[in-house]
Structures are given as structure tokens and as C-alpha cells.
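Predicted, not measured: the structure shown is a model, and the values here were computed from it. The basis for the numbers below is simple: all heavy atoms, side chains too, and nothing from hydrogens, waters or symmetry mates.
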Amino acid sequence: MAAVRVEEVLAAAEEQEAERRRSVTVEKELELEFDLGNLLALDRNPPPAAGLRGAGPRREAQLRALARDNTQLLVARLWELPAERAGGAGGPLVARLPEPAFRLPREKPPPRPRPPTRWEQFARLKGIRRRKRTSLVWDEQAKEWRRRWGYRRAGGDPARAWLAEVPAGADPEENQFARLRREKRERVARNELNRLRNLARAHRAGAAVPAAPLHPTGHQSREELGRVARVARVSTASLGRFQPRLPKEPAEPPSRSGGRKRRFEPLLGNLAAERSRQLELLRDMGSKKPVLDITRAVNKQLRQEEAEAAAAKGKKQSQRGKRGRRQQRAGRSSKKSGARRQQQQQRPAGGGTGRRKKA
């Protein structure tokens, strides 16, 4: 075994270290322009014209080396940015990119402006501006923000206030609290009437609503509650299969009278079955002969034979009825002729007609 000198080992280590430094150190005559927000690097240095002439492996090697050097400079700039661990101490090291400085062009043209509607044109002509009212207002009595409308609204219910203002021109002897309660009952009744009208309109349009709507006062029968509970149960996507049941609700299967659920083939499954199904579809589309459904053809033939048999049976019954009516008419005529014959035999033999002549 030949002896290895220390000088040779040190020289080889220095060469490896220089090669490693050359792989991460790139020297350029002009500094690159960086836009770290877009991960963009602009190289203003002219490329070597001798190496980029023609098309061949030399040109590809030059382009790869140029791209590699510019990418190395961009990565070095990224490592200079402030970094932190994402998701704790064991997470990956991420850098915070600055705001982009270079505006990239759009891939698609900007959308066209929507033409104004007739109301927008009218509002612009009249100077009408849309002002959105907030849903919360400050309640001076409760000293808090409350809803403008609905339950626990700001100001409370005027019918339950301890003080009622008498409007101008009203009867001073009129009870204002009774008037407020009466107006509230009228509003509630009007809203309920509108709700029932909407339900009736939706029912006529074919919407899935109960035939008899529930009364808002709570006077519902047991059948109405059961029907509405069944409708609400099967209104889910699973037709009530995964719907939790009430404490005393019977365990009955969900009603499937409202329609069948569509079944779709799985996206990831038997590729051979999918390939055979697609090939069969293409074969049927390419063939000139129409696809014959044996079951449908047999059912159609059976229905046609049954219709012909029913028509023939009805025709025979009608003919039989006509023959019976003819026999009845013939029997009646024979009875009448026999009675006439008996009357002629019982007449006196004088050749007269049996009528007396006046003297």
C-alpha cells in the first residue's frame, strides 16, 4: 500500500472547499434587481454571444448555467430576510416576504362594466343615494345597543310602556294603551294572514308544504304534529336516516314517497368496470343498428296483446248483447202474434168484424 502524504490530503481538501464555495458564490458585473415579494430577479448583464449562437448542447448548457447562477443569487437574498418557525419550535422555517414592487400583467382582460339598470339610471338622474340603515341602535332606557326591529328591540314594546303619548288630533278620552294593544293585535293578525296566503300560494305552485298549515295559537292535533314531524324528518339529504329521534318518537322507516335518491358511481373504484362501461357506450354510439332493450320490447308486446284481447272481449260482449236484444224482440213479436190468433179464433163465426152497426 502506497503511503499518502499529508500535503496531498490538504491539497485535495482545499480543492473541495473551493469547489463548494464556487457552487454558492456567483460573481456578476452588474448587480441584479430583485423583487422578493414576487420572487423575481432581473439580470441586466449581457449574455455571452458566442455560447448562445446556434442550437445545440452547448447553448443548453449555457442557459442552464445562467439560470442556475441567477437562482442562486435569488435564494441567497431570501436567506437574508427575517425568518421564524411556523407552528412552534419543530415547525418549518419560513421567511416574511416584503410587499411586491413590480406589477405583474393580468392573465385575462379586465371584466366589462355592468350596464346600469333602469332604477340606477333613474336614481342617478334624480340624485337618489342609497343609505344602509344599521341593525343596532342605542337604547336610552336600557343604556345598551339593541336591535332596531324584532324581539328585545330598542325602545321596547309601546303597548307595555308605563307612559303613552296622545297623538295630535286624537280623542283625549280614548285609552291610548288599549289602542296600542289593539293595533298590535291587528298587525299580528295581518302578518298571520299574509303567512297563510304565502303557504297557499306555495302549495298551489307545487312546493312541499303540509296540506293543512299549523295554527299559530298552539291548537294542533296529534295527527297534524305527526305529519309535520314526518315531513321535517325526510326533508334532509339522507331522507331522515341520520336524523336524531325525539324521546317518544316511534322508530319508523323514513318515507320514500317524496322521490328516490340518485345513485352515483364512486370516483375511485374498479377501473376495469369503468373502462368496460365506457367502451360499451362508445360501441353503442358507433353502431348503426339501434340498441334493442329486450325487457322493454317484451313489456310493450305484452301490453299490446292485452289491449287487443280486451278490445276483442268488449266487441264480443257488444255482439252478444245485440243478439240477445234481437231474440227478446223476436219473442215479443211471436207472443203478440199468438195472442192475436187466439182473439180471432174466439170471435163469432159470422164473418163480421165484431162491431155493431147503427140502425
Side-chain angles (χ1 to χ4, degrees), residues 114 116-124 126-252 254-255 258:
R114 181 179 57 85
T117 60
R118 295 183 59 183
W119 165 249
E120 291 177 352
Q121 295 177 1
F122 177 77
R124 187 181 306 166
K126 296 296 184 180
I128 302 175
R129 296 182 180 180
R130 183 178 180 181
R131 293 179 299 178
K132 185 177 180 181
R133 301 179 64 184
T134 59
S135 60
L136 297 178
V137 293
W138 179 257
D139 191 358
E140 293 293 342
Q141 298 179 0
K143 301 300 180 180
E144 64 180 2
W145 292 93
R146 289 190 175 184
R147 300 184 183 92
R148 188 184 296 272
W149 305 280
Y151 178 68
R152 291 181 57 84
R153 63 181 181 271
D157 190 0
R160 296 184 178 181
W162 65 275
L163 180 64
E165 182 181 359
V166 179
D171 187 8
E173 301 297 334
E174 183 183 7
N175 189 351
Q176 299 299 324
F177 296 99
R179 181 183 62 82
L180 294 176
R181 288 192 294 268
R182 183 176 65 254
E183 291 178 355
K184 183 176 180 179
R185 287 196 300 268
E186 292 176 356
R187 289 196 302 270
V188 171
R190 184 165 57 253
N191 293 337
E192 180 61 23
L193 179 61
N194 293 334
R195 188 185 71 86
L196 295 178
R197 285 179 179 175
N198 294 336
L199 288 177
R201 188 182 301 108
H203 182 69
R204 287 194 300 269
V209 295
L214 292 177
H215 301 286
T217 55
H219 301 288
Q220 297 91 6
S221 62
R222 188 172 183 178
E223 290 77 10
E224 289 177 345
L225 292 176
R227 182 174 63 254
V228 174
R230 287 192 298 270
V231 170
R233 173 171 295 280
V234 300
S235 297
T236 58
S238 62
L239 297 180
R241 183 177 302 175
F242 305 105
Q243 187 74 9
R245 299 189 177 277
L246 298 177
K248 295 184 179 180
E249 186 177 5
E252 58 180 359
S255 175

Distance-only side-chain donor-acceptor flag, R201 / N198, under 3.5 Å: yes
Spatial distance of atom CG (N191) from atom CZ (R187) [nearest 0.5 Å]: 8.5 Å
Heavy-atom pair of closest approach, residues F122 and I128: CE2-CD1, 4.1 Å
More than 12 heavy atoms of other groups within 6.0 Å of Q141 CD: no
Short side-chain to backbone donor-acceptor contact, R148 and T134, under 3.5 Å: yes
Where V137 and A154 come nearest, the two heavy atoms and their spacing: CG2-CB, 3.2 Å
Side-chain touch Q176/E165, heavy atoms, less than 4.5 angstrom: no
R146 and W138, any side-chain heavy atoms less than 4.5 Å apart: no
From CZ (R179) to CZ (R182), nearest 0.5 Å: 7.5 Å
salt_bridge(E120, R124) N-O dist < 4.0 Å: no
Nearest-0.5 Å distance that lies between atom CG in N175 and atom CZ in R181: 6.5 Å
